[in-house]
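Below you'll find the structure, written out as structure tokens, and then a few comments.
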Amino acid sequence: MKLLAQAGWLGRLRRAWKVSLRFRLIVLGLMPVLLAFPLVIGVLVVVGGQRADALLSAQINGELSGVRNFLEAAKSDTQTRIGEMVRSGRLDALSNGRGDAAALGEALATLARGSGLDYLLVAGADGTVLASSSGVLPGVKLPDSHVIRQARIGVASAAFERFEASELKAFSPRFRQQLGIAAGSDADLVAATETRGLFINAAVHFPLSIDAPDRILVGGIVLNKNSALIERMRDVIFPVGALPDQGEGMTAIFLDDVSVAASRQRLQGMRPLGLRAPTAVASMAANPSASWIGVQRFGGVDYMTGYAPLVDGDGRNIGLVSVGFPDAPYRRMIDDLLAAIGALLGLTLLGVSIVFLRAGDDLTQRLAQMAATMSAVRRGDRLARVGRTQRPDEIGILGKHFDRLLDTISRQDARHLAAQRVIADEASRWRALFENTSVGVVIIDADGSVFALNPKFAAMLGYDDVDAVKRLRLEDWDELFSLEELVRRLENSAEPLVETRHRRRDGSTYPALVSLSRAHWQGRLLALLTMRDISQQKIADAELERRTAALRQSEARARAFLDTALDAVVVLDEQARIVEFNPAAERMFGRASDEVRGQALALLVTLQADSATLAELGEGSHEGIGTDGDGRTFPIELTLGSMDDDEHSWHVAIIRDVTERKAAEQEMQRLANVDGLTQVLNRRAWSDGAKILLAQANRTLAPMSLLSIDADHFKQINDTWGHLGGDAVLRALAQTLSACLRESDLLGRLGGEEFAILLPDTDALGTKALIERLLQAVRACRVDYEGQTLSFTVSIGVTLLDPARDDELRSAFKRADDALYRAKREGRDRACWG
């Protein structure tokens, strides 16, 4: 099926090629873009990419050579300096045994600082240190190395040398601490810790003489953390501005595969020390002359990086040197160059294709235009022409002759059709103007007589016969204006309409709106008037004006009510958003109407009713809490009502601050339950509370005690000090009893000097302890009255309530009262149980 589909597709293309000149021209015009352009671009990408890689590899190789040359120059310079020092007479004299060791050390330190060396030592032929610039004590043995061996046989040499951490003290006691490199932190490389040292080491034998010992001078440069040397090397390899896009060049020196010195052109504080080189670089250990070049990611950036081995004097690979620069700018430059070449080539080929396609399209369009003209003429369209868009070539000349032939044939037909069209258009305009318009139309001659009119105007004047109106003049139906006055009024007015009054056939009149235009026709000046009966409009306008006035008056009354009302009045929409906010509401809530308009009523009022909407809340009075602009809350009473208009439902909330009323109600409630003299519960309130506590005890079966208390010899106190003195004693007694009770205990004054206490959740042991406290507190109580100090005691009757038996307080009270009287008979100031 797939082969059949392909065969059908190829067959359609083959047929299109045969029958369509346009198709052949399009295919030929697109050949450069569809075939040649992709092929050339592919070659550019392949060849250009290979050439770019070769150029970058050549550049990195050149920079690696520069690094190696720089280090070789530093090594040679170190050897030269050591060689010059051994020829110094003063150094020779100080080191041949005739000088002081301390003076020799100072001389070595001076020479080392002046020559930029990190250490300078004088050692015997066996490698024992005699003196040093770096604080090495005499007698320390230098580790074996290539340059030491060469110096012993009299050959001056310098080499890159690697020393273990334990060997560093032979060159300086501080090197082990100074040269240690902690693990690196770059996520792109494997971190490592390095404690060894990498040196440029040089040694030269002192001149031999009969009376001088066998000595060598050893000195060098430490490469670990040597920022000065690595920065100079980087400046040589990557001068400022040498890389494109201000790229950052990097150089590094590795001890084995761990970086011990590194430089970055801009990020000086981010030298990648203590990092391992890629695993692929380790293969160079077997071939000291090899090098590795590749792309390496560092700090999130791809670098074109090269590594070359660092060889010691014995030919061993002891480290690496590395250079790198960002790969992206070069790749971008190459890509931009290839893109520019490709774009230029593509635009060129596209331009060739467009020119070819436009030329072919123009040719086919001109031929198609001639074919279409011939077909139209054959179908009877005598006005069809090729036109003058053809250029004056062979095809254009052919089209011009064809048009002339068609013009000759159709000239007479055109005249005939034009005459018929004029007649038809005139008749159509007449019918549309005078019969189909919805307004009255009349054409008046210059003398005011009617030239023509439509049936609508005749009907407006009350005539059934149009011809009857033709005998009238403008003054016969217009009560206000003549034709001249009407023309003058319209010409002097900015409005194109004039209001007048017309008279009907029966003598009645109606208001009319008239517009006028003038035109010349066959040498006559005619006026065209269009008229509209505006009787209904006038009635509607009057009714609208009446309703508007009534609405304004109603709004004024409502506004006066809102502004003068003493209560807060808030008008709400269907979503309970504030629409109106009267001055009383502003004063009550401390907010301006502009501040709250459009806000929800919940901003100001929290109602106690649990209703989601105002409709659920319902009309009537509701209680709630109001919040003013300062956050103060106060009790309110809200009366809600509703009203509707044609489009919306509105709610009117009348809000009243009931703070004073609530306070009065609370005070009345308190006075109704509290004894006025002692401020404890009165008999009724105490009885109500006791019933509640007894019902709870009946449910839980919790223990409960009842105390009946009476002031001893109270009649004697009244007789001695009067009722005011007795009142003072009763107040003191009530305060003393209250101070000894819990919040859950119930204290009340039953009358006179009689008090009662109900103790919930209290057994006999707890009741006994409380009674002891009460008796002691009363005995200690003193009342100051009229300069005298009064004291008193009480008698107490106690009973335990049985929840299963004492379902009423009456029986318990009888037991407590009996016990109280027994306490009085037994001498008072005591408690008895009943």
Side-chain angles (χ1 to χ4, degrees), residues 418-554 645-647:
Q420 289 181 343
R421 187 165 52 252
V422 170
I423 296 172
D425 290 345
E426 187 70 22
S428 176
R429 284 194 296 271
W430 180 264
R431 286 193 300 270
L433 179 62
F434 290 98
E435 294 180 5
N436 299 324
T437 183
S438 61
V439 297
V441 180
V442 60
I443 301 175
I444 300 177
D445 210 336
D447 59 359
S449 60
V450 175
F451 177 75
L453 75 156
N454 68 342
K456 176 66 176 178
F457 180 61
M460 290 171 60
L461 295 181
Y463 289 91
D464 297 330
D465 185 6
V466 174
D467 292 336
V469 182
K470 288 183 178 180
R471 294 190 292 269
L472 302 177
R473 301 174 63 85
L474 177 65
E475 291 81 359
D476 294 332
W477 68 78
D478 196 310
E479 290 190 339
L480 302 181
F481 302 106
S482 64
L483 180 60
E484 293 78 8
E485 291 172 340
L486 189 61
V487 171
R488 185 169 58 254
R489 180 71 174 268
L490 288 169
E491 289 179 346
N492 295 332
S493 174
E495 296 293 332
L497 301 172
V498 170
E499 185 177 336
T500 184
R501 179 164 292 277
H502 287 174
R503 184 186 306 106
R504 296 188 183 92
R505 182 179 183 182
D506 59 4
S508 61
T509 61
Y510 64 89
L513 204 61
V514 179
S515 65
L516 179 145
S517 60
R518 292 186 293 176
H520 291 275
W521 181 75
Q522 294 184 354
R524 302 172 67 177
L525 181 61
L526 300 177
L528 174 65
L529 279 72
T530 58
M531 288 159 284
R532 185 160 51 92
D533 187 346
I534 59 174
S535 301
Q536 296 301 320
Q537 179 181 338
K538 287 289 186 179
I539 295 173
D541 290 345
E543 180 63 20
L544 177 61
E545 184 176 355
R546 185 187 65 78
R547 292 191 178 186
T548 301
L551 181 62
R552 289 174 180 170
Q553 186 177 10
S554 175
D645 57 20
D646 294 338
E647 298 180 358

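When a residue number appears, it is its place in the shown sequence, counting from 1.
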Task: Expected output: side-chain Asp533 to main-chain Gly440 donor-acceptor under 3.5 Å - done: no

Open item on the list: Within the supplied structure, the quantity of interest is the number of heavy atoms (other residues, nucleotides, ligands) at a distance under 6.0 Å from Arg503 CZ; does it exceed 12?
Closed with: yes

Open item on the list: Working note: Val514 + Met531, criterion side chain to side chain contact (heavy atoms under 4.5 Å, CB included); need CA distance, chi angles, decisive distance, verdict.
Closed with: CA-CA 5 Å; Val514 179; Met531 288 159 284; 3.5 Å; yes

Open item on the list: Any heavy-atom pair between the side chains of Val450 and Arg473 that's under 4.5 Å?
Closed with: no

Open item on the list: Can you tell me how far apart CG (Leu461) and CG (Leu472) are? Round to the nearest 0.5 Å.
Closed with: 7.5 Å

Open item on the list: I want to check something: taking the side chain as every heavy atom from C-beta on, are Trp477 and Thr509 in contact at a cut-off of under 4.5 Å?
Closed with: no

